[in-house]
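The figures here come from the full heavy-atom set of this structure, side chains too, leaving out hydrogens, waters and symmetry mates.
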Amino acid sequence: MIGYRVKSLREERKMSISELSSKSGVAKSYISSLERNLQTNPTILVLEKIARILCIKVDALLLNEQADNVMDEEWVEIMQDVMKAGISKEEMREFIKERKCTALEN
């Protein structure tokens with residue numbers, strides 16, 4: 001399932017396999033095999049390289065965090081406040097991306 005998460009996160013960031021490959025230093029063919037679950041046992045070094053470019057922790061690739069995707073009422077309220085404040089989806093995505101990358105640097 002690591003491959004599925006890599007592909008999902010890569011696509012979420014509107015990044016091609018070629019772009020992820022060139023930025024991470026991991027071969028394009030390897031990333032492709034990983035995403036198609038042909039390569040199921042990547043090294044920690046490979047995962048670290050990919051995770052760094054995707055601005056996530058390696059844990060996010062290793063652990064199945066799908067169950068945490070349910071939004072509780074407080075999150076709904078927060079997002080409604082964001083929308084009322086006139087913050088666009090793209091501005092919010094950029095803010096989140098910057099925060100994730102900053103958190104990983106610390």
TODO: Compare every heavy atom of Leu47 with every heavy atom of Pro42, then report the nearest pair and how far apart it is.
DONE: CG-CD2, 3.7 Å
- [ ] Drop me the distance from Ser29's OG to Leu34's CG, to the nearest 0.5 angstrom.
- [x] 11.0 Å
Open item on the list: Can you list everything that forms a side-chain contact (heavy atoms from CB on, under 4.5 Å) with Glu90? Sequence neighbours excluded, please.
Closed with: Ser88, Arg93
Task: CG-CZ distance between Leu9 and Arg5, expressed to the nearest 0.5 angstrom - done: 9.0 Å
Open item on the list: Side-chain heavy atoms nearer than 4.5 Å, only ILVMFWY residues, links allowed to pass through others: does that put Met83 and Ile87 together?
Closed with: no
Open item on the list: I need the minimum non-hydrogen distance between Gly86 and Glu91, along with the two atoms involved.
Closed with: O-OE1, 4.0 Å
TODO: Taking all non-hydrogen atoms of both residues into account, name the closest pair between Ser21 and Ala27 and its distance.
DONE: OG-C, 3.7 Å
Task: Side-chain donor or acceptor of Ser24 paired with backbone N/O of Leu20 under 3.5 Å - done: yes
- [ ] To the nearest 0.5 angstrom, please state how far the NZ atom of Lys97 sits from the NZ atom of Lys100.
- [x] 10.5 Å
TODO: Measure the CD1-CZ distance between Ile53 and Arg13 for me, rounded to the nearest 0.5 Å.
DONE: 11.0 Å
Task: Ile31 and Val46: CA distance, side-chain angles, deciding distance, side-chain contact (heavy atoms from CB on, under 4.5 Å) verdict - done: CA-CA 9 Å; Ile31 294 172; Val46 166; over 6 Å; no
Task: salt bridge (charged side-chain N to carboxylate O under 4.0 Å, His left out) partners of Glu19, counting only residues at least two apart - done: Lys23
Task: Backbone N/O of Tyr4 and side chain of Ser8: donor-acceptor pair under 3.5 Å - done: no
TODO: Would you give the length of the straight line joining atom CD1 of Ile2 to atom CG of Leu62, rounded to the nearest 0.5 angstrom?
DONE: 5.0 Å
- [ ] Determine which pairs satisfy disulfide bond (SG atoms under 2.5 Å apart) with at least one residue from residues 30-59, sequence neighbours left out, and list them in order.
- [x] Cys55-Cys101
- [ ] Hey, could you give me each pair passing salt bridge (Lys or Arg N to Asp or Glu O under 4.0 Å) that has a residue in residues 24-53? Not counting sequence neighbours.
- [x] Arg10-Glu35
Task: Pairing residues for Thr40 by the side-chain contact (heavy atoms from CB on, under 4.5 Å) criterion, not counting sequence neighbours - done: none
Task: Nearest-0.5 Å distance, NZ of residue Lys7 to CG of residue Asn37 - done: 10.0 Å
Open item on the list: Minimum heavy-atom separation for Val6 and Leu54, please, with both atom names.
Closed with: O-CD1, 4.4 Å
